[in-house]
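Structure, as structure tokens:
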Amino acid sequence: MFSNAVVQQAWTRSGGRCECANRSHQHPGRCNKVLIWERRTGENKPGAWVAESKSGKFLPNAGDCEIACWQCSSIGR
Ligand SMILES: [Zn+2]
Ligand SMILES: [Zn+2]
């Protein structure tokens, strides 16, 4: 898991929107779905999101942390 500080940093960078840019998903370019801070891991609710590790290793920096909406996260990267 990421520390709260790392997640906060990544969240600020994301602007509170899904950062997923997976080309195999339905959204063109960045997903940009509006997320709700309190809904972290609030599965399948509007605004629910997950802090994903780009490397899969949960490195202790915001560069490895991607803010993704629950839908994108459940489809997979
Ligand atoms: Zn998304
Ligand atoms: Zn996506």
Side-chain angles (χ1 to χ4, degrees):
M1 292 290 285
F2 290 113
S3 70
N4 285 333
V6 166
V7 176
Q8 284 271 8
Q9 244 188 330
W11 174 265
T12 302
R13 180 193 65 213
S14 76
R17 288 166 177 259
C18 178
E19 295 185 306
C20 172
N22 190 320
R23 292 207 188 118
S24 68
H25 291 183
Q26 294 292 323
H27 49 75
R30 201 177 115 153
C31 172
N32 270 334
K33 191 172 301 225
V34 176
L35 306 173
I36 301 168
W37 172 252
E38 292 78 13
R39 292 256 168 96
R40 187 176 174 192
T41 67
E43 294 192 1
N44 211 12
K45 292 183 186 147
W49 59 282
V50 178
E52 297 207 317
S53 171
K54 292 183 188 178
S55 69
K57 295 174 185 165
F58 293 92
L59 303 174
N61 65 76
D64 189 47
C65 181
E66 182 175 86
I67 304 299
C69 71
W70 190 85
Q71 287 88 346
C72 282
S73 177
S74 61
I75 297 167
R77 298 178 44 80

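Read the numbers this way: they start at 1 and go in the same order the structure lists the ligands and their atoms. Note that these values count all heavy atoms, side chains included, but never hydrogens, waters or copies made by symmetry.
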Given Cys20 and His25, is the side chain to side chain contact (heavy atoms under 4.5 Å, CB included) satisfied, shown in steps? CA-CA 9 Å; Cys20 172; His25 291 183; 3.3 Å; yes
Just give me the atom name: the N, O or S atom of His25 closest to the Zn ion (ligand 2). ND1
Look at the side-chain heavy atoms of Ile, Leu, Val, Met, Phe, Trp and Tyr, link any pair under 4.5 Å apart, and say whether [X] and [Y] land in one connected group.
{"X": "Val50", "Y": "Trp37", "result": "no"}
{"X": "Leu35", "Y": "Phe2", "result": "yes"}
{"X": "Trp49", "Y": "Phe58", "result": "yes"}

Apex the Zn ion (ligand 2) - arms SG from Cys20 and SG from Cys72 - angle rounded to 10°: 110°
Using a cut-off of strictly less than 2.8 Å, determine whether Cys31 has an N/O/S atom near the Zn ion (ligand 1). yes
